[in-house]
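Note that the numbering runs from 1 along the sequence shown for the chain.
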Amino acid sequence: MSPDKNNMKRNRRFYIILIACIFCVYMALLLVLIKVEIPNKNSTINTIGDAVWYSIVTLTTVGYGDITPGTLAGRMVGLIFLLLSTGILVTLVSTVLSFMTSEGLPLFLLSFKRKRDWYYFADTGLESNTLAGQIYAENPSAVIIFGCNKSSREETPDFPCTYANVSPERIAKRKRDVGSRCRVFFMTENDIGQNPRAVNISALPVDVYARTTSGEDNLPGAVHFFHSYDCCAREYWRNQPLKANEHTIVLLGFGNYGQALLTRAILGNVISPEQRVAYHIFGDVGDFLDLHVGLGQVFEINNLHTHFTGQDSLIFHSASWSKEHALLESADRIIICDDDEQAGWDIFWKLRQFYRVRGDITLRSNRAVPGVTHFGTDESIYSPENVLRTTLNQVAIAMNNLYRSGHGAGALDWDELGDYLRQSKIAASEHLFHKVRILLKDESLTDLNAENMTEAFRVYQENIKNTQVLDRYRRIEHLRWLRFYAYYNWSYGPRHDEALRQDPRIRAYDELPEHCKADNDYSWELLGEISV
């Protein structure tokens, strides 16, 4: 048991003993009063009720005077009641003030809001404020709770919130499983192994979201880890997706943000079987290629002659980016994504001053400057959709249900899927955005809604009447699928085996049996099954 819980237990025991002692003293005095007053003919205390009434009136210092003791002993008891009344009043006043200024009042008020959605933030700071503000904007009935004292905050948020400097355990106990489960957020960036608070409360009836730098997205017990760099990368490619005329993309900076951007490009940037894209990466490669040895199955690695191959390329440069004038000036897009934001701005100004850049320059920056295309603000990273990923997960589940309906009883339910299959479904659902853009031939589209998905599905149904077009759609999805599994170092095997990381479909599309080519049609058909 933690020291805090031990202290709370000792305090609770002390107050119980104190109250019991006071009650025993009161009962003893009351019995004395009854014993000496009721037999006395001159006393106005003639019944037990009179004695109780006199004690209450005296203890509260009201003193109506309608009942008075007639014996010396009775008057002595009355005097003791009078002396006790001062202490009782002081205790009552201090108790009320303590209740008003401590966590008692906010917890009491929360009891009346149990049916509403609760969001508890264990940490305070810019990230917590940003996410909490967007949650409230989307759901004005949400109850936002910060696990700190109000006095410790430098600024008061511009949305309604409750301050309760209590543990998630007490918040969960107060919610009492009424309404939806409470969501608990740990917004301080940390490693999973060093973030025991998130794991330790996994048994509570709450959903936990913890910001981390590494590890799986999901762990047993409704613990969800999210990565700010990954959130940034997802948001970037959604708002500034790959275009059909882009063939050379340069990433300047290969720290946490650069790796996340390249990862999302590897997993999602598949919009045509014919398009060839070369990604030029400048920065410390570290052990990236050692970790992802399977990428050589679907990418040309460090091959500068990309136009002679049938694959996209990953080219890692060891020399300084400043020497590559020809590359930078011919690139279709330059992404400045150094982890050090100021260093990124320095690169941006140098490019503007000394290079004839014809392509787009996008800069990771938390502040907007006129004329600069930027990404990675706190508002875009710490959004409910990026952190909670509710829509994305719902689409992935719907996609799996659609797959099951077409593959019989042998297909697994969502809860039965292994981590790789889950992540594969999530990656496929994320690519749905690109599928709508492909079908509608609209590169300006940056959002999904029921209308454009319905229209895209109508176009899909019409287009697949042409077997060559259907085959093209299948090639796109197979390539996307291959890139996902190659990223996680899977290879060909006679059967799907997560332990060995093998699958029989990890081979060229033209080598697949016909039934395997049609396996992923459900990822396109999903457009007609859901609405966003």
Side-chain angles (χ1 to χ4, degrees), residues 229-230 232-272 274-283 285 288 299-300 302-304 306-307 309 311-317 319-339 341 343-365 368-369 371-377 380-381 430-431 433-434 437-438 441-446 480 483:
Y229 314 112
D230 188 54
C232 178
R234 289 175 187 270
E235 195 69 18
Y236 174 80
W237 289 115
R238 187 179 184 88
N239 291 329
Q240 302 179 57
L242 181 70
K243 298 178 181 177
N245 64 349
E246 291 184 307
H247 301 283
T248 304
I249 294 178
V250 176
L251 276 74
L252 301 182
F254 201 58
N256 291 315
Y257 287 101
Q259 290 193 36
L261 285 163
L262 181 61
T263 295
R264 286 297 135 199
I266 290 171
L267 299 182
N269 282 357
V270 182
I271 60 176
S272 167
E274 299 83 25
Q275 183 177 2
R276 299 290 170 259
V277 182
Y279 296 91
H280 292 262
I281 300 99
F282 291 84
V285 178
F288 183 84
F299 283 91
E300 289 288 339
N302 292 329
N303 181 3
L304 295 175
T306 57
H307 56 285
T309 72
Q311 297 175 310
D312 285 0
S313 300
L314 302 177
I315 303 167
F316 296 89
H317 296 262
S320 170
W321 63 268
S322 58
K323 297 179 180 180
E324 301 289 344
H325 281 257
L327 172 63
L328 295 170
E329 292 172 359
S330 63
D332 298 300
R333 186 190 307 203
I334 299 174
I335 308 172
I336 304 173
C337 48
D338 199 291
D339 283 355
E341 187 172 326
W345 276 101
D346 292 341
I347 295 172
F348 176 80
W349 295 124
K350 288 175 182 177
L351 284 174
R352 290 275 288 261
Q353 286 180 303
F354 304 113
Y355 295 80
R356 298 187 299 270
V357 178
R358 70 170 182 84
D360 297 327
I361 302 177
T362 55
L363 168 67
R364 188 190 72 81
S365 173
V369 174
V372 178
T373 304
H374 70 287
F375 68 98
T377 62
S380 63
I381 293 176
E430 201 166 23
H431 193 258
F433 160 70
H434 291 289
R437 293 174 66 241
I438 292 168
K441 298 180 180 179
D442 183 0
E443 292 193 330
S444 66
L445 190 148
T446 59
R480 184 211 62 77
R483 283 165 63 150

Rounding to 0.5 Å, atoms CD (Q353) and CG (L351) come to a distance of 10.0 Å

Measure the shortest side-chain to side-chain distance between N303 and Q311 over non-hydrogen atoms and say whether it is less than 4.5 angstrom.
no

Contacts under 3.5 angstrom, residues 243-252 side chains, donor-acceptor by atom type, not counting sequence neighbours:
from : atom 1 : to   : atom 2 : distance (Å)
E246 : OE1    : K243 : N      : 2.9
E246 : OE1    : R333 : NH2    : 2.8
E246 : OE2    : R333 : NE     : 3.0
E246 : OE2    : R333 : NH2    : 3.3
H247 : ND1    : R276 : O      : 3.0

Steps toward side-chain contact (heavy atoms from CB on, under 4.5 Å) verdict (F288, F316):
CA-CA 10 Å; F288 183 84; F316 296 89; 3.9 Å; yes

Could you check if a side-chain atom of T373 sits within less than 4.5 angstrom of a side-chain atom of D360, using non-hydrogen atoms only?
no

Is there a side-chain contact between F348 and D338 (heavy atoms, below 4.5 Å)?
no

Judged by atom type as modelled, is there a donor-acceptor pair below 3.5 Å linking the side chain of H280 to the main-chain atoms of I334?
no

From D230 CG over to N256 CG, what is the distance, rounded to the nearest 0.5 angstrom?
11.5 Å

Report, one line per pair, each donor and acceptor closer than 3.5 Å where one atom sits in a side chain of residues 321-328; sequence neighbours left out.
from : atom 1 : to   : atom 2 : distance (Å)
S322 : OG     : S320 : OG     : 2.9
H325 : NE2    : S322 : O      : 3.4

Do you know the tightest heavy-atom contact between A233 and A260?
CB-O, 3.4 Å

Under 4.5 Å between any side-chain heavy atoms of I271 and H434, yes or no?
yes

Who pairs with E341 by salt bridge (charged side-chain N to carboxylate O under 4.0 Å, His left out), at least two apart in sequence or on another chain?
R367

With sequence neighbours left out, the residues meeting side chain to side chain contact (heavy atoms under 4.5 Å, CB included) with H374 are S365, A368, T377

Interatomic distance, N302 atom CG to S313 atom OG [nearest 0.5 angstrom]
9.5 Å

For a quick test of reading the model, state the closest non-hydrogen atom pair linking R483 to A265 and the distance between them.
NH2-O, 3.1 Å

With sequence neighbours left out, what residues match R364 under side chain to side chain donor-acceptor pair (under 3.5 Å)?
none

Taking all atoms of both residues into account, what is the closest heavy-atom pair of F299 and I266, and its distance?
CE1-CG2, 3.8 Å

Any non-hydrogen side-chain atom of P241 less than 4.5 Å from a side-chain atom of F433?
yes

Residues Q275, L242; criterion side-chain contact (heavy atoms from CB on, under 4.5 Å); working and verdict:
CA-CA 11 Å; Q275 183 177 2; L242 181 70; 4.0 Å; yes

What are the two closest heavy atoms between R358 and S330, and how far apart are they?
NH2-O, 2.7 Å

Hey, are the side chains of Q240 and T362 touching, using non-hydrogen atoms and a 4.5 Å cut-off?
yes

Partners passing salt bridge (charged side-chain N to carboxylate O under 4.0 Å, His left out) against R238 (at least two apart in sequence or in another chain):
D447

Tightest non-hydrogen contact, residues L261 and C337, listed as CD1-CB, 3.5 Å

Any side-chain heavy-atom pair of Q259 and Y229 under 4.5 Å:
no

If we only count heavy atoms from C-beta on, is the I335 to F375 side-chain gap below 4.5 Å?
yes

Please determine whether side-chain contact (heavy atoms from CB on, under 4.5 Å) holds for the pair E300 and I315, giving the CA-CA distance in whole Å, both sets of side-chain angles, and the decisive distance to 0.1 Å.
CA-CA 8 Å; E300 289 288 339; I315 303 167; over 6 Å; no

Going by an N to O cut-off under 4.0 Å, is there a salt bridge joining K350 and D346?
no

Answer yes or no: is there a donor N or O on one side and an acceptor on the other, between the side chain of W237 and the main chain of G268, under 3.5 Å?
no

